[in-house]
Protein chains: 2
Amino acid sequence: MKIKDIARLAKVSPATVSRVINNSGYVKEEKKKAVKKVIEEVNYTPNEFAKSLKTQKSNIIGVIVPKISTETVSRVVDGITMISKENNYQLLIANTNLQVEEELNYLKVFSNNLVDGIIIMATVVTDEHLRILNNLNKPVVFVGQRVEKYTSIVHDDYNAAKAMAQHLIEKGHEKIAFVGVSEKDVAVGKVRKQAYFDALTEHNITIDKNLIAIGDFSLESGYKAMGEILQKGQPSAVMAVTDQMAFGAIHCIKDNKLSVPEDISVTGIGDGKMSKYFIPALTTAKYHHKKVGKLACEHLMSLINSKGKNTSDIVVGYDVKLRSSVNSIRES
Amino acid sequence: MKIKDIARLAKVSPATVSRVINNSGYVKEEKKKAVKKVIEEVNYTPNEFAKSLKTQKSNIIGVIVPKISTETVSRVVDGITMISKENNYQLLIANTNLQVEEELNYLKVFSNNLVDGIIIMATVVTDEHLRILNNLNKPVVFVGQRVEKYTSIVHDDYNAAKAMAQHLIEKGHEKIAFVGVSEKDVAVGKVRKQAYFDALTEHNITIDKNLIAIGDFSLESGYKAMGEILQKGQPSAVMAVTDQMAFGAIHCIKDNKLSVPEDISVTGIGDGKMSKYFIPALTTAKYHHKKVGKLACEHLMSLINSKGKNTSDIVVGYDVKLRSSVNSIRES
DNA sequence: TTGTATGCGTTATCAG
DNA sequence: CTGATAACGCATACAA
């Protein structure tokens, strides 16, 4: 069923049908009624491809994510869907499973006219990314990593991490261990570690390499990292760069017959759904993922509409959540 | 940049370029090389809309989900992406936020030729769903709920729930409470409750309405439901229909100065990422969400390709995970 | 093997 | 206000 058929049935021209559908131009009320009636009767829906081919617009945005099945990512996507829906956009999701190669691949796939704009949660941004992006000629918004010349929405990783470290210091801790991830991930690996360094240094606490261990985001890796640290000595506190890794660390501590927070205090970053309900409840910095998703989509919308190249950098704040996984050190 | 331009630059006809791109028909190796070279040089990508308009195929599948930001859903989506990628399909995600209205709306949106097929995780399937689906004329696969005349991939809810109830009974429990959700949700609300009833009845345990409370999937509602139950008496065990609700119940029990599993044993269903690490580790039935997603996508692919109406019902099994949230009742 | 020409379903221009 | 008709970019039947 196409416009031509509707036109025939309603005894008007295809052009008129199109006008009725798009509410454009002038159409006598009478004919408008007739057309609408026919459309209703035959349950007609326009062919989106023909439409997009003609208008050079799809009302679809591409979203590239590292792994949809994580709380962080799925919440961001949730935020994106909310705004995209408001603007009558659909979401094309590309799941890269943390493979940079896939990321580049999808970027290329999206370079055909399928999408009107792209939101990308890249973990690492390479020169190849930039190169492809450069001759992409489509609005792009980065989430989670700041990229020059592109608008990006990021968390305040530095201050959130610093807040955690400072909180531990204020509670009297000096032997503060660090459970992190590879510095290849700028936001989580590099920035948060730097904040840890800075916080300690500013308080005249010497950095002890034996108190630092690196994992790969998983709870299990947090467990393992904590194990490595305990092998070399017992800190009074540990700051993990994600809640998941903090959970792993806590389990490891317990398996070593120590308790949290009595023997060792623990902090995370992120505040996932379970952090508040974990036992002990985790002290952490709450991130606003959904808000990030919303902002990313809002900015993409305005980029698409204004065709302007006005890039901007948005830093979304955090809330410190003080819970029971941290204890004060008693003056001895 | 379009095919015509490539043709001009490579000194061949548009048809030849098309043949090279689609690897169809015969093209002399020499010209093929030339065309490929030009395509490479100018970084040409075909216009998907024109292509789809012509071929009546988009290589896009629509996925309708109730809420992307839950572990269950995002894992299923993860599975879907894996298979869709293998088959060179893209995913158009529609997030309905649990609104049936939105579900119907998206179903309509997808009825234009945008997608080649649909996977839908419906919570409730109404007559309206069926009506729309009926004149949709596109392959559809249901996930999570069994729908007549359509292929559906479901968990073995009945047996999983029954296994939990039976496990408690075997451990000597007789005062077994039930924390469920509305029966509007067939799989989680109705089927799992029936399993609870049947298990108890088969073991000659009388159903006690005071031991039954209903929530809405959230951890908080599990807490609340447990509170209602405790108000009326103290069971020796409680079976929650989801892990999240089990967590809520456990918190409530602890807040009432009772302990798990010493005073009250608790079971969930699902086995989310945290269930194993919760304290106490939760006894539950592990669901294979990713597998469900994969199966759903595989079946959709075969429906798309074969154009056959061969519907099928797949029931995906579960694994019982015995952990520390359940105790035996001592013979007194 | 290759090229020409047509049509996929819309929108938009232009004449009426 | 309304109706022809020309693109949009591609795949393909048909001719060569």
Side-chain angles (χ1 to χ4, degrees), chain A residues 1-39 42-60 88 90 109-116 137-138, chain B residues 1-39 42-60 88 90 109-116 137-138:
Chain A
M1 192 60 66
K2 46 189 170 187
I3 278 198
K4 232 183 197 169
D5 301 316
I6 306 296
R8 190 169 33 75
L9 292 170
K11 297 187 201 307
V12 296
S13 77
T16 299
V17 175
S18 178
R19 289 190 188 100
V20 172
I21 292 172
N22 298 299
N23 235 305
S24 63
Y26 300 95
V27 180
K28 203 189 283 179
E29 198 56 36
E30 200 180 309
K31 300 207 173 192
K32 195 180 274 183
K33 280 253 166 66
V35 171
K36 284 191 169 168
K37 183 154 166 282
V38 173
I39 289 180
V42 304
N43 223 302
Y44 165 81
T45 56
N47 180 307
E48 295 294 328
F49 295 120
K51 209 167 169 172
S52 295
L53 177 58
K54 186 66 190 172
T55 61
Q56 306 288 10
K57 196 163 183 333
S58 65
N59 271 48
I60 295 177
N88 250 282
Q90 310 259 13
V109 170
F110 286 164
S111 66
N112 54 31
N113 318 37
L114 238 188
V115 303
D116 293 343
N137 203 28
K138 269 197 214 318
Chain B
M1 192 62 67
K2 45 189 169 185
I3 278 198
K4 231 183 197 172
D5 301 315
I6 305 296
R8 191 168 32 76
L9 292 169
K11 298 188 198 307
V12 296
S13 76
T16 301
V17 175
S18 177
R19 289 188 190 104
V20 172
I21 292 172
N22 299 299
N23 235 306
S24 63
Y26 300 95
V27 180
K28 202 189 284 178
E29 198 56 36
E30 199 180 309
K31 301 209 172 191
K32 196 181 271 183
K33 280 252 166 69
V35 170
K36 284 191 170 169
K37 184 154 165 281
V38 173
I39 288 180
V42 304
N43 222 303
Y44 164 82
T45 57
N47 180 307
E48 295 295 329
F49 294 118
K51 209 166 166 175
S52 295
L53 178 59
K54 185 68 190 170
T55 60
Q56 307 288 12
K57 196 161 183 333
S58 66
N59 271 49
I60 294 178
N88 250 281
Q90 309 261 14
V109 169
F110 286 164
S111 66
N112 53 32
N113 317 38
L114 238 187
V115 303
D116 292 344
N137 203 30
K138 267 194 219 316

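Any value given below was found using the heavy atoms of this structure, including those in side chains, with hydrogens, waters and symmetry copies removed.
- Put simply, CG on Asn22(A) is 17 Å from P on dG9(C), counting in whole angstrom units.
- What separates CZ of Arg19(A) from C1' of dC1(D) is a distance of 8 Å, to the nearest Å.
- Of the candidates dT11(C), dA11(D), dT2(C), dA11(D) carries the atom nearest the Thr55(B) side chain, counting heavy atoms from C-beta on.
- Close to dA4(D), at under 4.0 Å from its OP1 or OP2, lies no side-chain N or O of Ser13(A).
- A donor-acceptor pair under 3.5 Å links the side-chain atoms of Asn59(B) to the main chain of Asn88(B), judged by distance alone.
- Between Tyr44(A) and dG9(C) there is no side-chain polar atom (N or O) within less than 4.0 angstrom of OP1 or OP2.
- Looking at Ser58(B), its side chain never comes within 3.5 Å of a backbone N or O of Ser52(B) through a donor-acceptor pair.
- Between Phe49(A) atom CZ and dA7(D) atom C1' there is a gap of 20 Å when expressed in whole angstrom units.
- Summary of the strand contacts: Ile21(A) and Glu29(B) both lie near DNA chain C, and taking for each the nucleotide with the nearest heavy atom, the more 5' one is attributed to Glu29(B).
- Considering only side-chain N and O atoms, Tyr26(B) lies nowhere under 4.0 angstrom from the phosphate OP1 or OP2 of dG3(C).
- Per the geometry, NZ belonging to Lys32(A) stands 14 Å off C1' belonging to dT2(D), to the nearest Å.
- Summarising the geometry, the separation between CD on Glu48(B) and C1' on dC10(D) is reported as 11 Å, rounded to the nearest angstrom.
- Among the heavy atoms of the strands lying under 4.0 Å from Ile3(B) are primed sugar atoms or P, OP1, OP2 only; no base atom is included.
- Although no hydrogens or angles enter the test, the distance criterion places no donor-acceptor pair under 3.5 Å between the side chain of Asn47(B) and the main chain of Leu53(A).
- Across all their heavy atoms, Ala7(B) and Ser13(B) have their closest contact at CB-C, 3.6 Å.
- In terms of phosphate contacts, Asn47(A) brings no side-chain nitrogen or oxygen within less than 4.0 Å of OP1 or OP2 of dC8(C).
- Straight-line distance from the NZ atom of Lys4(A) to the P atom of dT2(D): 21 Å, rounded to whole Å.
- If you take CG of Leu53(A) and C1' of dA6(D), they are 13 Å apart, rounded to a whole angstrom.
- If you check every strand for non-hydrogen atoms under 4.0 Å, Pro46(A) touches sugar and phosphate atoms only.
- Contacts of Lys31(B) with the nucleic acid, taken as non-hydrogen atoms under 4.0 Å apart, involve only primed sugar atoms and P, OP1 or OP2.
- Between Asp5(B) and Arg8(B) there is a side-chain heavy-atom pair separated by less than 4.5 Å.
- When the side-chain nitrogen and oxygen atoms of Ser18(A) are compared with OP1 and OP2 of dT11(C), one or more of them lie within a distance under 4.0 Å.
- Within the 4.0 Å cut-off from OP1 or OP2 of dA11(D), not a single side-chain nitrogen or oxygen of Gln56(B) is found.
- Rounded to a whole Å, the NZ atom of Lys51(B) is 15 Å from the C1' atom of dT12(D).
- Base engagement by Lys54(B) is indicated by at least one non-hydrogen atom pair under 4.0 Å involving a base atom.
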